[in-house]
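What follows is a single structure, written as structure tokens, with notes after it.
Below, all heavy atoms of this structure are taken into account, side chains as well, without hydrogens, waters or symmetry copies. FYI, the numbering just counts along the sequence from 1.
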Amino acid sequence: MKTIKYNQVSGKVKALFSSSLYAFAFLAMVSCSDFMDKEYDASLSDEKTFGNVTLTRGFLANIYTNLPDGFAPLTDDQFTGASRDAMTDNAVTSWGLHYYTKIAADGYTANDHPLLGFWNVDLYGIRKCNQFINKARMDVIGNAEQDGDESRLYERYIAEAKLLRAIFHFDLICWFGDCPILGGDTPGSATVFDPSSDMNISRTPAAEALDWVIAQCDAVKDVLPFRYSNEASNWGRVSGAVAYALKSRAALYRASLLYNPNNDVALWNQAAQAAIDFINMNNSQPVPYRLYGGSDPENDYYNCFVTTPTQNPEFILCRSVWHTNQIEKVFLPVGFTGNFSGAGRTNPTQNFVDCFEMANGMHIDEAGSGYDETHPFVGRDPRLAQIVFYHGMTWGRADQQEQRQLDMSSNTSGQGIDYSSAMGGTYTGYYLKKFVNNISCKMGDAYDHAWPIFRFTEILLNAAEAVNEAQGPANAYQYINQIRARAGMPDYAGMTKEQLRERIRNERRIELAFEDHRFFDMRRWKLYEGHTLTGERSLPRYQQYLNIYGVKITGDNVLTAPVYTYGYAETVNSRVFNSPKNYYFPIPAAEVKRSPNLRQNPGWEVEGSAQEETVVSEPSEEQEAE
């Protein structure tokens, strides 16, 4: 294993990363894969690059730098240093300059939307894939049948490029909806589109584009090995398992209301079969993917995300391993200071905290649940304490004399040490614990982190959702209950399809929290439709999407007898959703101007053009008072 500072290679590929989301300079990348440990020099000619097997491999490895990475934004403390779930009902960010707050308030235009970098990053990734498909040479790479991971290598490399291309197309669909399909499957036929040119391309409707992604997965999923025989040398490389996983996710989206307005059950059957196909293929492997842990429900979920990523049996595909303490710095409560200090920039909401059931499997608002809002963390789903830092929780390195109870209190006579600081604080009474190692602020050590693009839990969730919609609950319980068993939660049984649907969605919200799923799930389910700030206030907090809540902690003895007062989160306490505008980001205005056939997404047209808005959230009472 060798450590590479990312800025050693950034000069060779920096033209591909104009967005601040891809400013990786603060992180070090640990390459645990011989294949991925390749540098690519973009100044070399095609003849030199593709006439040399090492340089060809380097070109292919470089395409992986365009994969989605939810940790990369955390390097930009000023504008993106928080979880992207801060654009949803799961969290807010306490740093006023972060882009996410204004995005959640629909406060940008197609000219200045801050996250439009996804458009270029994905298109450049597609461009590199197609260059590889067109230029890679069988006579250079070789394609002999042999044992192990090097068999029929040319075919496998081409399949890798096609799968990466499908991932980039899928990412474009998620953020922007209708998507230009830049395909071609044989050398010389792949469309090499230069985003800086005036090539006036059109976009394919999102549902059809998802069908194309699914077909691409089918084309390569059995060409690539489901798992590599030498995973130490190939960790982080796309595989047959990744193709099956992408197909499962794309098919699930295709069947969802946003892309399937008529609720065609055939699409749900397709999604169910895609997830089951992954599970069946996985079960046939000598070493199958599985849920991490299984014997320690109080810690297994948390440990899944702080265990050395290359040794995690749940991760199907991750972005490169970052060896860093930046993630701890961004998420850790602000009272932990020293040579290294927490900034606490991501604050889970009361909406999110309330979605955790009691340990008996009942929602906190159900009669007989046993919930006591004066002792809100007692008797809850064990995952709550593994995902969220809450008041009174014990944290810190005992071996460095830093272990103590968290104090998020806010008495007028004095604030708790974890409530606020010059560099951060909590607007909700909570901080994000997931991904955070128990770091010593005296030492400031770095840890290995890897962003999970696909993990096995998602496959089980996909199966549960799709099977429930296609066939009903009876066949769906087996998938969701595996996840609940790992968490120490009781099985689901005896529900209607509608009841199980809501529980599956809640389970997905918890299990995939802060992994960039909630933003897209809320849209594909069309949860915002029919919701207004006023209209949803009668619902439980965990079913409100526009009003954002937190808790204030006061009292004479805040650690032994705290008083919890629930209400709107401080400062950031509402969301805005305009329909159909906010289902997708806008295409960058300059791109539409240069290529009018792209057409702008509804609601994002230049000022003065008509737009339809059917779901508009009005200001909250607090905002009106201001």
Side-chain angles (χ1 to χ4, degrees), residues 89-90 291-305 348-394 406 428-430 433-434 457 460-461 463-465 467-468 472-514 518 521 538-544 549-551 553 561-566:
D89 55 346
N90 277 358
L291 295 176
Y292 179 91
S295 61
D296 184 6
E298 301 295 328
N299 295 289
D300 281 341
Y301 184 89
Y302 169 78
N303 286 335
C304 179
F305 300 98
T349 61
Q350 193 66 48
N351 312 50
F352 178 66
V353 171
D354 283 1
C355 85
F356 288 82
E357 299 169 352
M358 299 298 290
N360 59 20
M362 301 178 74
H363 276 308
I364 63 172
D365 58 322
E366 289 186 74
S369 71
Y371 176 68
D372 179 0
E373 67 176 18
T374 65
H375 299 90
F377 312 119
V378 175
R380 298 294 290 276
D381 180 333
R383 289 171 293 187
L384 174 57
Q386 298 174 67
I387 297 175
V388 175
F389 284 121
Y390 53 72
H391 180 79
M393 175 184 285
T394 299
L406 302 183
T428 64
Y430 304 102
K433 180 179 179 181
K434 184 172 176 175
T457 303
L460 295 174
L461 288 165
E465 180 178 348
V467 170
N468 184 54
N475 293 328
Y477 293 129
Q478 60 184 307
Y479 306 110
I480 195 74
N481 286 340
Q482 289 182 52
I483 298 169
R484 291 177 64 77
R486 192 256 299 264
M489 294 295 289
D491 285 353
Y492 286 144
M495 296 180 180
T496 65
K497 177 191 287 190
E498 292 72 24
Q499 289 170 332
L500 186 57
R501 175 189 298 141
E502 293 307 312
R503 295 293 181 142
I504 289 170
R505 289 179 176 181
N506 195 68
E507 196 75 11
R508 189 176 178 95
R509 182 180 188 181
I510 291 169
E511 276 287 332
L512 302 181
F514 304 97
R518 182 67 175 170
D521 282 344
S538 62
L539 299 173
R541 286 183 290 257
Y542 62 84
Q543 291 180 343
Q544 295 189 47
Y549 296 93
V551 62
I553 301 105
V563 176
Y564 296 99
T565 304
Y566 303 92

Next on the checklist: Under 6.0 Å from the ring centre and within 45 degrees of the ring axis: does the NZ or CZ of K433 meet both conditions for the six-membered ring of Y302?
Outcome noted: yes
Checklist entry - Within 45° of the six-membered ring axis of F305 and under 6.0 Å from that ring's centre, is NZ or CZ of K434 located there? => result yes
If every non-hydrogen atom of [X] is compared with every non-hydrogen atom of [Y], which pair is closest and at what distance?
X: I510; Y: Y301; value: O-OH, 3.4 Å
X: Y477; Y: G494; value: OH-N, 3.2 Å
X: A359; Y: P490; value: O-CD, 3.3 Å
X: A464; Y: A476; value: O-CB, 3.5 Å

Checklist entry - Can you list the steps and then say if R501 with N468 is a side chain to side chain donor-acceptor pair (under 3.5 Å)? => result CA-CA 7 Å; R501 175 189 298 141; N468 184 54; over 6 Å; no
Checklist entry - F377 and Y390: aromatic ring centres closer than 6.0 Å? => result yes
pair [X]-[Y]: side-chain heavy atoms closer than 4.5 Å:
X: L500; Y: Y492; result: yes
X: Q350; Y: Y542; result: no
X: Y549; Y: Q544; result: yes
X: P376; Y: Y566; result: yes
X: L461; Y: L512; result: yes
X: F352; Y: F514; result: yes
X: T457; Y: L291; result: yes
X: E507; Y: I483; result: yes

Next on the checklist: Between D89 and R518, is the side-chain contact (heavy atoms from CB on, under 4.5 Å) condition met? List the steps.
Outcome noted: CA-CA 9 Å; D89 55 346; R518 182 67 175 170; 3.0 Å; yes
Next on the checklist: As a quick check of understanding, evaluate salt bridge (charged side-chain N to carboxylate O under 4.0 Å, His left out) for E511 and R486, giving each step before the final call.
Outcome noted: CA-CA 11 Å; E511 276 287 332; R486 192 256 299 264; 3.5 Å; yes
Checklist entry - Where do V551 and I553 land on the side-chain contact (heavy atoms from CB on, under 4.5 Å) test, with the steps shown first? => result CA-CA 6 Å; V551 62; I553 301 105; 4.0 Å; yes
Could you tell me whether the side chain of [X] and the main chain of [Y] form a donor-acceptor pair under 3.5 Å?
X: D381; Y: M358; result: no
X: Q386; Y: P382; result: yes
X: N506; Y: C355; result: yes
X: T428; Y: T349; result: no
X: R380; Y: F356; result: yes
X: E502; Y: Q499; result: no

Checklist entry - Which residue, H363, R383, R503, forms the side chain to side chain donor-acceptor pair (under 3.5 Å) with E357? => result R503
Item to check | Under 3.5 Å side-chain donor-acceptor pair for N299 and D296 | outcome: yes
Checklist entry - If you measure from the Lys or Arg side-chain nitrogens to the Asp or Glu carboxylate oxygens, is any gap between R484 and D491 under 4.0 Å? => result no
Straight-line distance of [X] [atom1] to [Y] [atom2], nearest 0.5 Å:
X: L539; Y: D365; atom1: CG; atom2: CG; value: 10.0 Å
X: I480; Y: M489; atom1: CD1; atom2: CE; value: 11.0 Å
X: H391; Y: Y564; atom1: NE2; atom2: OH; value: 5.0 Å
X: M495; Y: I504; atom1: CE; atom2: CD1; value: 9.0 Å

Checklist entry - When you look at R541 and D354, which way does the salt bridge (charged side-chain N to carboxylate O under 4.0 Å, His left out) test go after all the steps? => result CA-CA 7 Å; R541 286 183 290 257; D354 283 1; 2.7 Å; yes
